[in-house]
Amino acid sequence: MTCSTQIDIEVVQALLTALQEDNQEQAVELLDNLTQLRESELYQRLSGLTNNLHDTLDELVDNQLLLQTKHDIPDVAERLEYVLSSTEEGCAKTLASTEKAMDLSESIGELIQGSLNDEKQKLIQDLLSELNTELTNILLAQSFQDLTGQVLNRVALTISSLEQSLIQLISESRHDYDAIPDRTESEQKSAEMKGIGPNVTQKSKQDSIDSQSDVDDLLGELGI
Amino acid sequence: MQMNRDMNILVVDDFSTMRRIVKNLLKELGFHKFDEADDGATAWPMVQTGKYDFIVSDWNMPDMTGLDLLKHVRADANLQNTPFLLITAEAKRSQILEAAQAGVDGYIVKPFTAATLNAKIHKIFERVAERENAK
């Protein structure tokens with residue numbers, strides 16, 4: 001792309017003269033003119049880039065980028081949500097069970113008070129103390145959820161902003177986002193046979209079995 | 001082949017956490033001889049040694065899926081009767097039908113409970129015993 005706007009040396013010299021003469025008003029005016037010139041050049045360059053982009057995306061109507069933007073990015077975002085909520089849920093269960101185990105250990109300690117000889121009592125108290133240390137380690141280990149959660153939240157934000165940028169890019173290249181086709185059935189089938197992981201998105205829940213008893217019913221029909 | 005607590009079990013899953021969970025549950029059920037593999041591709045040469053009486057495998061693994069491992073086992077004359085249990089998050093109707101067609105003996109969807117695992121193992125070995133008696 002050639003640039004039609006050029007900086008005139010006379011304008012620069014006039015600016016220099018205005019500055020040397022301390023004529024601020026004229027200097028500002030000349031500088032504004034120069035800046036406008038540069039801005040319009042920048043605009044032309046950007047518009048050229050956009051045209052290139054239009055052409056490139058137009059040539060690649062079946063481009064993976066279009067399919068990925070419409071199908072994969074929302075899918076990834078939904079899966080990330082699942083990771084966040086299921087790790088949180090898992091941690092909450094672990095914490096609840098650990099706390100319960102700590103209470104049980106305390107109850108055992110109280111129960112044996114005075115009911116055993118000193119040697120046995122000390123032995124059991126030592127074991128309970130070790131048990132409590134391990135249980136505390138389990139509690140502390142759950143703090144990973146806080147850290148991974150913060151990281152995942154950031155990743156989710158980035159994905160969402162990337163998605164918006166790509167949608168904008170697609171619309172600026174005169175493509176109809178809504179007209180981007182679905183994944184083909186054979187693509188879907190091939191992915192399923194490789195394994196697609198848990199069905200955590202609204203879309204992947206279609207045709208999936210909800211519970212072990214439904215799986216058992218289905219296999220039962222087949223004599224397994 | 002009766003259910004024997006001394007049998008050799010191969011646990012295949014790419015997530016070590018899951019292998020530990022499965023092994024611990026199997027231990028609670030009285031089993032104690034395990035080997036582990038982190039992928040179908042690692043498991044297959046181990047299975048070919050003929051050492052294993054029972055295979056418990058995940059489906060979704062990077063190099064060779066559990067479904068392909070099952071197909072390999074069923075296609076091998078020496079191994080084809082090895083009981084095979086899939087424990088997997090894959091829960092599409094089409095996937096379960098495909099596993100059934102490939103000859104899976106049991107199918108557990110994750111997350112699962114110790115009771116489910118116990119029930120499936122018993123069912124698998126009851127059926128294996130019936131098959132043996134029918135011969």
Side-chain angles (χ1 to χ4, degrees), chain A residues 75-76 78-80 82-83 85-94 96-97 101 134 137-138 141-142 144-145 148 183-224, chain B residues 12-15 17-18 21 39-40 57-71 83-120 122-124 126-128 130-131:
Chain A
D75 181 81
V76 163
E78 221 176 324
R79 283 173 195 277
L80 207 55
Y82 166 80
V83 174
S85 62
S86 61
T87 45
E88 194 177 341
E89 201 181 307
C91 277
K93 279 186 190 165
T94 310
S97 289
E134 296 303 332
N137 285 342
I138 294 176
Q142 304 315 304
F144 84 89
Q145 200 270 327
T148 55
R183 295 270 187 210
T184 64
E185 215 166 280
S186 69
E187 272 179 324
Q188 185 61 26
K189 170 91 179 162
S190 144
E192 279 175 13
M193 289 311 122
K194 279 183 196 154
I196 49 176
N199 298 299
V200 297
T201 62
Q202 287 303 322
K203 189 169 177 167
S204 68
K205 276 179 185 156
Q206 292 166 8
D207 193 40
S208 80
I209 304 269
D210 286 336
S211 66
Q212 182 66 43
S213 66
D214 290 343
V215 175
D216 294 347
D217 288 347
L218 181 58
L219 290 178
E221 286 167 20
L222 301 165
I224 295 174
Chain B
V12 192
D13 199 307
D14 51 339
F15 280 86
T17 310
M18 210 57 222
I21 290 173
D39 190 274
S57 175
D58 183 25
W59 180 317
N60 186 358
M61 293 178 287
D63 291 330
M64 187 198 283
T65 65
L67 180 70
D68 284 337
L69 179 64
L70 169 64
K71 287 177 180 171
F84 199 112
L85 173 65
L86 273 170
I87 301 183
T88 170
E90 307 300 325
K92 291 266 188 196
R93 181 175 290 268
S94 53
Q95 291 173 311
I96 298 167
L97 293 175
E98 180 77 21
Q101 207 169 23
V104 79
D105 294 291
Y107 196 107
I108 295 179
V109 279
K110 294 175 184 171
F112 63 102
T113 63
T116 303
L117 181 63
N118 195 10
K120 295 300 155 212
H122 272 97
K123 195 171 171 198
I124 288 171
E126 266 168 30
R127 286 181 48 232
V128 169
E130 278 168 23
R131 270 207 309 255

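A note on names: the letters A, B, ... follow the listed sequences, proteins ahead of strands, and every chain is numbered from 1.
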Close side-chain approach of B/Ile108 and A/Val215, heavy atoms under 4.5 Å
no
Taking donor and acceptor roles from the modelled atom types, list the N and O pairs under 3.5 Å across chain A and chain B.
from: A/Glu192; atom 1: O; to: B/Gln95; atom 2: NE2; distance (Å): 2.8
from: A/Glu192; atom 1: OE1; to: B/Ser94; atom 2: OG; distance (Å): 2.7
from: A/Met193; atom 1: O; to: B/Trp59; atom 2: NE1; distance (Å): 3.2
from: A/Gly195; atom 1: O; to: B/Asn60; atom 2: ND2; distance (Å): 3.4
from: A/Ile196; atom 1: N; to: B/Glu90; atom 2: OE1; distance (Å): 2.8
from: A/Ile196; atom 1: N; to: B/Glu90; atom 2: OE2; distance (Å): 2.9
from: A/Gly197; atom 1: N; to: B/Glu90; atom 2: OE1; distance (Å): 3.4
from: A/Gly197; atom 1: N; to: B/Glu90; atom 2: OE2; distance (Å): 2.5
from: A/Ser204; atom 1: O; to: B/Lys92; atom 2: NZ; distance (Å): 2.7
from: A/Gln206; atom 1: O; to: B/Lys92; atom 2: NZ; distance (Å): 2.7
from: A/Asp207; atom 1: O; to: B/Arg93; atom 2: N; distance (Å): 2.9
from: A/Ile209; atom 1: N; to: B/Ala91; atom 2: O; distance (Å): 2.6
from: A/Gln212; atom 1: OE1; to: B/Val109; atom 2: N; distance (Å): 2.8
from: A/Gln212; atom 1: NE2; to: B/Tyr107; atom 2: O; distance (Å): 2.9
from: A/Asp216; atom 1: OD1; to: B/Lys120; atom 2: NZ; distance (Å): 3.0
from: A/Asp216; atom 1: OD2; to: B/Lys120; atom 2: NZ; distance (Å): 2.9

Given a strict heavy-atom distance threshold of 4.5 Å, which part of A/Ile196 is in contact with chain B: side chain, backbone, both, or neither?
both
Does CZ belonging to B/Phe15 count more than 12 external heavy atoms closer than 6.0 Å?
no
Check whether A/Ile224 gets within reach of chain B through its side chain, its backbone, both or neither, counting any heavy atom under 4.5 Å.
both
Sub-4.5 Å side-chain heavy-atom contact between A/Ile209 and B/Val109
no
Output for pair (B/Ile96 CD1, A/Leu222 CG), nearest 0.5 Å, gives 10.0 Å
